[in-house]
Every structure is written in C-alpha cells, then in structure tokens.
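Along the sequence shown, residues carry numbers from 1.
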Amino acid sequence: MKLLRVGPAGQERPVVMDAAGDLRAIGEPDIDGAFFASGGVARVREALERGALPLAEAEGLRVGAPVARPGKIVCIGLNYRDHAAESGAEPPAEPVVFMKASDTMVGPYDEVLVPRGSVKTDWEVELAVVIGRRARYLESREEALDAVAGYAVANDVSEREFQLERGGQWDKGKSCETFNPLGPWLVTADEVGDPQDLALRLWVNGEQRQNGSTKDMIFDVAEIVRYLSQFMVLEPGDVINTGTPAGVAMGMPGQPYLRAGDVVELEIEALGRQRQTVGQA
C-alpha cells in the first residue's frame, strides 16, 4: 500500500493512494505513531479488501509528509563508500549516528529554505525507513525488518559549514527548518520487498547529480535498525534516514551549493519522486 497525507500544513488528511480512499472514514485521524502502534496498516488493508473506503477529495491539494511529525529522525552518515570517499573519510567500522530535529520534516514539494548566513546548503537523496512497532535491543536482522512499517524518499538537506566548520556535532548543520522533505508517500514494507535493491537519483536544475543504489550501503536497513535499537528505543512513527550515495555538492568540483531559485528533483525506485524549489530564509 501507499499511504499519504494531503492538505495544508498542519491540517493534512490521511489517504491510501491505492484507492484514493479517505482513512478518516474508518476512524483513522492521521498517519502517526499511534496509527502504526495500534495496527493501523492492517486495518487499512482490511478496509481496502472490503471496499469500505470512500473516495477522498484530494484533487489539487498540497501533499504533506506521509507521516505526521515523528518523535525523532535518526540519521546514518557516510553509509555509502563512494560518498565517504568524496567526503574525504574512511568507511566507518560502525554506523555513524546523528539526530535531526523532527520539525525539519516538510512535504515532498514544499519549498526548501537556505538558512540565513548559509553559503554551503547541500542535497542528499536518501532511503527513509519508518518504524512500525516499538523496537529495543533487537537480536536479529529478522526482528529488525519486522519492525519496519515502510519506506519513503527523503532529502537530507545539509548545511556543510554549520555541520563541519562551526564546532560541535553535525546536528546544527542538519536541523534547519525545511531540511527534511519526505514523501510523496510511504510504501509499506511488503510492497517494497528488498530495500537493498532500489535505485536513487537526484537532479539540480535538470542536471543529474546523484545516481546510486541501496545495494551499495555499507550498513543495510536490517543492520541499521538492529544497531540503533541497542542505543535507543525506536518508537512507531520514528524515521531513519539511511545515508546518501556520491554526488553531493560538497564532493564536486567547484562545490555548486544550493541558492535561492534552484530546483531539486529526486526519486527512489518504487517510492516516488520529489521536487523542491529553493528559497531564502
């Protein structure tokens, strides 16, 4: 299934794309942690099978992030060998973990803002994992994948000067407003199948910048979820950004960082496509 949320920011309505069905008709107020924790995916699937979902009036409406504001966004850095190389870093022996403020999440077509004082705002196409059940101290890869509700496209927008040149941790280069477009929809894990066989691509102003595959991750989805559960409790609705392949501005000749007026387009095989126009904060 493909789950999405439509409507003005803060007033989104939950919809299942498969039948353009309005989830409020079966008592689902939103697609959030409570939805996943209480078996919402199974309820929607059953309602689809019964034909119990009336058509949602979504024509012309904004598409929001497919998951309401999560408790946390956890990110994995340097998780593709080619991106580690272009960053001048050795491939990590263990996942590099950092956090991103949950209010960075916006819709897949919303404006992305270059922060005030920024000269190094960058792009990163990433596979996002959405957690479907509480996960702590997982022991196996099978348990880890069982905890995944689904997958989505994420743009892990990053300010490299704030991240790497201003001291402290990476978070302040990752947590500026609008820095995590997500969507257009969440595709449930059963429909995606193998998350390690998906093509990722990104363009800036029509010129392709990134072209990779999730098969090239250093740490795959199962290991990332298992590993994180040893250090934090993953709650339903939490989002994990799993890293980006080579082709970011930081690693390119001339470092063509984003400026107001630029257009970023990105896609992941089977998960949909995003488009953002860049503005100035």
Side-chain angles (χ1 to χ4, degrees), residues 65 70 72-89 91-92 95-108 110-129 152-183 200-205 207-212 217-218 224 239-260 262-268 274-281:
K72 53 184 173 289
I73 302 173
V74 189
C75 304
I76 306 299
L78 304 174
N79 197 31
Y80 289 72
R81 287 179 176 82
D82 56 0
H83 175 56
E86 72 175 352
S87 302
V96 175
V97 180
F98 62 93
M99 307 293 285
K100 195 161 193 171
S102 61
D103 61 2
T104 59
M105 186 174 292
V106 294
D110 289 347
E111 184 180 45
V112 164
L113 298 176
V114 172
R116 296 179 186 179
S118 166
V119 293
K120 296 184 178 181
T121 295
D122 208 343
W123 58 81
E124 294 189 5
V125 58
E126 305 204 6
L127 175 67
V129 176
V153 183
N155 186 358
D156 178 19
V157 186
S158 309
E159 212 300 338
R160 303 302 188 186
E161 182 187 14
F162 298 174
Q163 176 188 354
L164 301 171
E165 302 173 32
R166 298 286 296 272
Q169 298 181 344
W170 287 9
D171 300 38
K172 64 187 177 186
K174 297 283 190 172
S175 291
C176 304
E177 59 183 336
T178 74
F179 265 28
N180 204 92
L182 190 75
L200 308 88
R201 292 175 284 265
L202 180 144
W203 297 259
V204 179
N205 300 327
E207 184 173 349
Q208 189 165 31
R209 298 300 195 187
Q210 293 185 276
N211 185 14
M217 286 182 182
I218 297 172
I224 288 169
V239 173
I240 304 170
N241 290 342
T242 58
T244 198
V248 300
M250 180 176 63
M252 298 179 63
Q255 297 186 325
Y257 290 110
L258 294 172
R259 299 288 184 268
D262 287 343
V263 175
V264 181
E265 297 170 277
L266 54 152
E267 66 182 15
I268 298 179
Q274 299 185 0
R275 184 182 189 276
Q276 296 110 34
T277 299
V278 178
Q280 180 65 53

State, with a plain yes or no, whether a side-chain heavy atom of [X] is found less than 4.5 Å away from one of [Y].
{"X": "Leu78", "Y": "Ser87", "result": "yes"}
{"X": "Pro92", "Y": "Ile218", "result": "yes"}
{"X": "Val97", "Y": "Ile76", "result": "yes"}
{"X": "Val264", "Y": "Val112", "result": "no"}
{"X": "Val248", "Y": "His83", "result": "yes"}
{"X": "Pro256", "Y": "Val204", "result": "no"}
{"X": "Trp203", "Y": "Arg209", "result": "no"}
{"X": "Pro95", "Y": "Asn79", "result": "no"}

Phe98 meets the ring-ring contact (aromatic ring centres under 6.0 Å, His included) criterion, sequence neighbours left out, with Trp170
Side-chain donor/acceptor of [X] to backbone N/O of [Y], under 3.5 Å:
{"X": "Gln280", "Y": "Val114", "result": "yes"}
{"X": "Asp122", "Y": "Ala249", "result": "yes"}
{"X": "Lys100", "Y": "Phe179", "result": "yes"}
{"X": "Thr244", "Y": "Val125", "result": "yes"}
{"X": "Gln255", "Y": "Met250", "result": "yes"}

Output for pair (Lys120 NZ, Arg160 CZ), nearest 0.5 Å, gives 10.5 Å
For residues 170-180, the salt bridge (charged side-chain N to carboxylate O under 4.0 Å, His left out) pairs (sequence neighbours left out) are Glu124-Lys174, Asp156-Lys174
At their closest point, which heavy atom of [X] faces which heavy atom of [Y], and how far apart are they?
{"X": "Met217", "Y": "Leu127", "answer": "CE-CD2, 4.0 Å"}
{"X": "Gly247", "Y": "Met252", "answer": "O-SD, 3.8 Å"}
{"X": "Glu126", "Y": "Ile268", "answer": "O-CD1, 3.3 Å"}
{"X": "Leu266", "Y": "Leu202", "answer": "CB-CD1, 3.9 Å"}
{"X": "Gln210", "Y": "Ala246", "answer": "CG-O, 3.3 Å"}
{"X": "Asp262", "Y": "Leu258", "answer": "OD2-CA, 3.5 Å"}

Checking [X] now: which residues fulfil side chain to side chain donor-acceptor pair (under 3.5 Å) with it, not counting sequence neighbours?
{"X": "Ser118", "value": "Thr121, Glu159"}
{"X": "Gln169", "value": "none"}
{"X": "Glu267", "value": "Arg201, Arg273"}

Which is it for Ile224 and Ile240 under the side-chain contact (heavy atoms from CB on, under 4.5 Å) test, yes or no, and what are the steps along the way? CA-CA 9 Å; Ile224 288 169; Ile240 304 170; 3.9 Å; yes
Note to self: As a quick check of understanding, evaluate side-chain contact (heavy atoms from CB on, under 4.5 Å) for Leu182 and Ile73, giving each step before the final call.
What the structure shows: CA-CA 11 Å; Leu182 190 75; Ile73 302 173; over 6 Å; no
Sorted by chain and residue number, the salt bridge (charged side-chain N to carboxylate O under 4.0 Å, His left out) partners of Asp110 (sequence neighbours excluded) come out as Arg62
Strictly by modelled atom types, are Asn155 and Gln274 linked by a side-chain donor-acceptor pair under 3.5 Å? no
